[in-house]
Amino acid sequence: MSPETVSILIPLMVAVPLVSSALAVMAPWKPVRDLLHIGVPVVSIFAGAGLFVFTVEHGAVAHNVGLFAGGIAIPFAVDAFSAIMIVTTDLVAATANWFATVAGETRSRYYPALSLMLVTGVNGALMTADLFNFFVFIEVMLLPSYGLIAMTGTWSRLASARTFVLVNLAASTMLVIGVGFLYGVVGAVNLAALRGVAAGNGPAVVAMGLVVIAIATKAGVFPVHTWLPRTYPGGSAAVMGLFSGLHTKVAVYMLYRIYVIVFDLEDRWKGLIVVLMIVSMLIGGFAGLAENSIRRVLAYQMVNGMPFILVMLAFTTGDAKRALAAGLLYALHHMVTIGALVLTSGAIEETYGTAMLRKLSGLMRRDKWVAAIFAAGAYSVVGFPPFSGMWGKVFVVVEIARDNSWWAWAAIAAVIVASFGALLSMLRVWRHAFWGQPMQNMPADLKIAPRLIAPATALMAVSLAMFFCAGPLIDAAQEATGALLDVDAYQQAVLGDDPVGIPDMTDLQGGR
């Protein structure tokens with residue numbers, strides 16, 4: 001298949017889930033709705049894998065909607081970096097939707113449609129080559145998310161939904177203000193046209209600072225992280241599983257893209273990045289010790305995972321490809337592992353009616369397979385073999401150590417201490433929920449149904465496969481980050497040979 005043909009097909013990654021969302025609303029048959037909201041992400045997985053293979057061989061491909069000239073069109077662009085993120089986010093989405101189906105969440109007619117609209121926004125955000133359209137797709141993600149978090153879970157979902165809406169509306173407002181300011185300063189918001197524009201240009205740095213703060217808020221990075229553990233556990237486990245693999249990772253993706261293209265990997269931000277990420281690691285690692293439910297503990301492990309990914313932006317002065325690949329590998333592991341743990345907690349909640357630590361006990365004797373899956377996920381979060389977390393943390397530490405500065409050793413120390421905090425958090429959950437005597441207030445024959453634990457089992461099987469296939473996986477991550485760093489190819493794909501409406505950046509770059 002030629003690059004021209006592939007570029008024409010790219011918008012289908014957005015159109016298919018969007019049309020399927022409409023069909024899911026209109027379909028009167030529940031099996032059809034269930035098939036759509038599981039099947040469409042599965043199809044996207046294979047489409048993303050095909051795009052990854054194609055872009056590794058042919059480079060970035062792009063499509064300008066309406067076939068307008070580069071620079072004034074609405075651009076979609078896919079390289080190996082965006083493709084590998086599409087594969088993993090859709091994997092988590094398909095598995096979370098599978099759990100929602102077996103747990104009975106899809107009895108609500110609108111659940112499948114809302115989840116498909118969320119997938120639409122994710123695919124669009126991972127492919128857009130324009131900051132304003134990134135804002136648009138973020139809103140496409142958020143609108144169904146408001147409904148999903150408010151319509152599922154316990155009564156606490158109402159307070160959680162209110163906080164979720166307020167924080168994300170504030171972040172989105174800051175994002176669009178930053179994008180507007182950037183357009184006023186530079187005259188463009190096309191990512192390919194913004195190469196290096198924030199490397200030394202004061203007004204552009206301020207504008208991009210607003211954009212980065214807004215995206216970091218959505219990623220749950222210190223000091224704008226507290227909303228995440230307060231809101232995500234309020235919805236159902238299926239919804240939290242969706243959010244864990246989609247919302248924060250889309251933010252991580254764009255932070256990587258912006259730092260490479262717009263900031264040109266400028267080293268002067270190194271100290272700020274390292275300090276913020278160290279604090280985020282420590283808070284995420286230890287704050288879960290104060291929580292009283294399984295999913296609230298896991299929410300802080302989500303906070304803990306973000307800095308392991310983003311700290312690698314500070315260590316790109318040497319081999320940037322390997323440094324960013326370490327962060328990407330950890331992101332892929334984190335999506336899969338946290339998704340598995342959240343869905344395991346969901347299986348417990350669906351069966352026993354609670355995930356409160358004080359109300360659970362002895363699950364290791366009652367539900368041996370569920371205990372094994374949770375233990376495997378905990379091992380992966382901490383970084384123990386034979387699961388994906390080990391290679392994720394080893395790769396991160398090795399690449400940080402190459403910097404051989406005191407910043408690097410401070411970051412490595414934080415990785416070790418935060419991992420110890422994660423271990424303590426997981427041990428606390430194990431001691432309360434899985435250890436001890438079986439619960440006396442539950443029927444002896446009540447056990448978690450295999451259909452409820454099957455989605456989490458599937459994700460942990462992926463984590464296990466990632467451990468044993470570490471060589472090809474690391475190669476794939478390096479291919480992806482190599483494509484991310486190939487800004488020339490990205491510019492050529494997005495802008496073409498004769499772009500229209502792109503301002504001259506010569507006087508803006510470097511502060512001249």
Side-chain angles (χ1 to χ4, degrees), residues 3 7 10 51-52 54-64 69-71 73 75-86 125-134 179 182 186-201 204-205 207-208 211-212 215 252-270 273 310 312-328 477-499 501-512:
S7 69
I10 287 175
L51 285 171
F52 178 82
F54 184 87
T55 52
V56 166
E57 182 177 352
H58 297 279
V61 291
H63 177 79
N64 291 321
F76 289 113
V78 178
D79 57 13
F81 181 61
S82 51
I84 201 170
M85 291 294 292
I86 288 172
L126 294 175
M127 294 193 306
T128 186
D130 181 280
L131 283 176
F132 180 77
N133 289 310
F134 177 73
V179 171
L182 183 68
V186 177
V189 290
N190 186 300
L191 275 171
L194 295 174
R195 181 176 188 176
V197 75
N201 178 262
V205 169
M208 285 307 305
V211 172
V212 168
I215 298 174
V252 164
Y253 163 85
M254 187 50 71
L255 289 173
Y256 266 49
R257 184 76 73 184
I258 286 173
Y259 196 68
V260 169
I261 295 179
V262 184
F263 285 90
D264 197 24
L265 299 175
E266 195 173 19
D267 192 45
R268 64 170 168 160
W269 306 107
K270 179 175 183 175
I273 293 171
L310 295 174
M312 301 313 299
L313 295 175
F315 299 103
T316 54
T317 52
D319 191 340
K321 179 179 175 180
R322 286 182 58 88
L324 295 177
L328 174 59
Q478 290 191 82
E479 290 283 0
T481 53
L484 173 65
L485 293 166
D486 191 358
V487 182
D488 290 333
Y490 190 80
Q491 281 187 313
Q492 177 63 31
V494 174
L495 299 178
D497 295 320
D498 190 23
I502 297 299
D504 184 4
M505 299 291 179
T506 304
D507 294 332
L508 289 169
Q509 294 169 344
R512 294 187 296 275

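Below, all heavy atoms of this structure are taken into account, side chains as well, without hydrogens, waters or symmetry copies.
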| query | Which atom names give the shortest non-hydrogen contact between Ala480 and Ile84, and what distance separates them? | reply | CB-CG2, 4.0 Å

| query | Does Lys270 have any salt bridge (charged side-chain N to carboxylate O under 4.0 Å, His left out) partners at least two apart in sequence or in another chain, and if so, which? | reply | Asp403

| note | Minimal heavy-atom distance between Val262 and Met208, with the atoms involved, is CG1-CG, 3.7 Å

| query | Does the side chain of Leu484 reach to within under 4.5 Å of the side chain of Tyr259, using non-hydrogen atoms? | reply | no

| field | Pairing residues for Tyr253 by the ring-ring contact (aromatic ring centres under 6.0 Å, His included) criterion, not counting sequence neighbours | value | Phe81

| said: Please give me the minimum heavy-atom distance between Asn133 and Pro75, naming the atom from each residue. | reply: ND2-CD, 4.0 Å

| said: If you compare all heavy atoms of Ala326 against all heavy atoms of Met312, which two are closest, and at what distance to 0.1 Å? | reply: CB-CE, 4.2 Å

| field | Check against side chain to side chain contact (heavy atoms under 4.5 Å, CB included), Ile86 and Met127 | value | CA-CA 9 Å; Ile86 288 172; Met127 294 193 306; 3.8 Å; yes

| Listed by chain and number, what are the side chain to side chain donor-acceptor pair (under 3.5 Å) partners of Asp488, not counting sequence neighbours? | Arg195

| said: My understanding is that only residues two or more places apart in sequence, or in another chain, count here; which of them pass side-chain contact (heavy atoms from CB on, under 4.5 Å) with Ala77? | reply: Ala62, Ala129, Tyr490, Val494

| request: Measure the CZ-OG1 distance between Arg322 and Thr316 for me, rounded to the nearest 0.5 Å. | output: 14.5 Å

| task | Could you tell me whether the side chain of Leu194 reaches within less than 4.5 Å of the side chain of Leu131, counting heavy atoms only? | result | yes

| said: What's the separation between atom CG in Asn190 and atom OG1 in Thr128, rounded to the nearest 0.5 Å? | reply: 8.5 Å

| Residue pairs fulfilling salt bridge (charged side-chain N to carboxylate O under 4.0 Å, His left out) with at least one residue in residues 257-266, sequence neighbours excluded | Asp79-Arg257, Glu266-Arg268

| task | Check side-chain contact (heavy atoms from CB on, under 4.5 Å) between Leu255 and all other residues, then give those that pass, not counting sequence neighbours. | result | Val212, Ile215, Leu310

| field | Counterpart residues, side chain to side chain donor-acceptor pair (under 3.5 Å), relative to Tyr256 (two or more places apart) | value | none

| said: Quick one, Met85 with Leu328, criterion side chain to side chain contact (heavy atoms under 4.5 Å, CB included). Give me CA distance, side-chain angles, the key distance, then yes/no. | reply: CA-CA 9 Å; Met85 291 294 292; Leu328 174 59; 3.8 Å; yes

| Partners meeting side-chain contact (heavy atoms from CB on, under 4.5 Å) with Val56 (sequence neighbours left out) | Phe52, Ala80, Glu479

| Distance, nearest 0.5 Å, that separates CD1 of Ile261 from CZ of Phe263 | 12.5 Å

| message | Between Leu265 and Val260, is there a side-chain heavy-atom distance shorter than 4.5 Å? | response | yes

| task | Evaluate whether atom CZ of Phe54 has more than 12 neighbouring non-hydrogen atoms of other residues, nucleotides or ligands under 6.0 angstrom away. | result | yes

| task | Using the test side-chain contact (heavy atoms from CB on, under 4.5 Å), find all partners of Ala325 that sit at least two apart in sequence or belong to another chain. | result | Phe395, Ala477, Gln478, Thr481

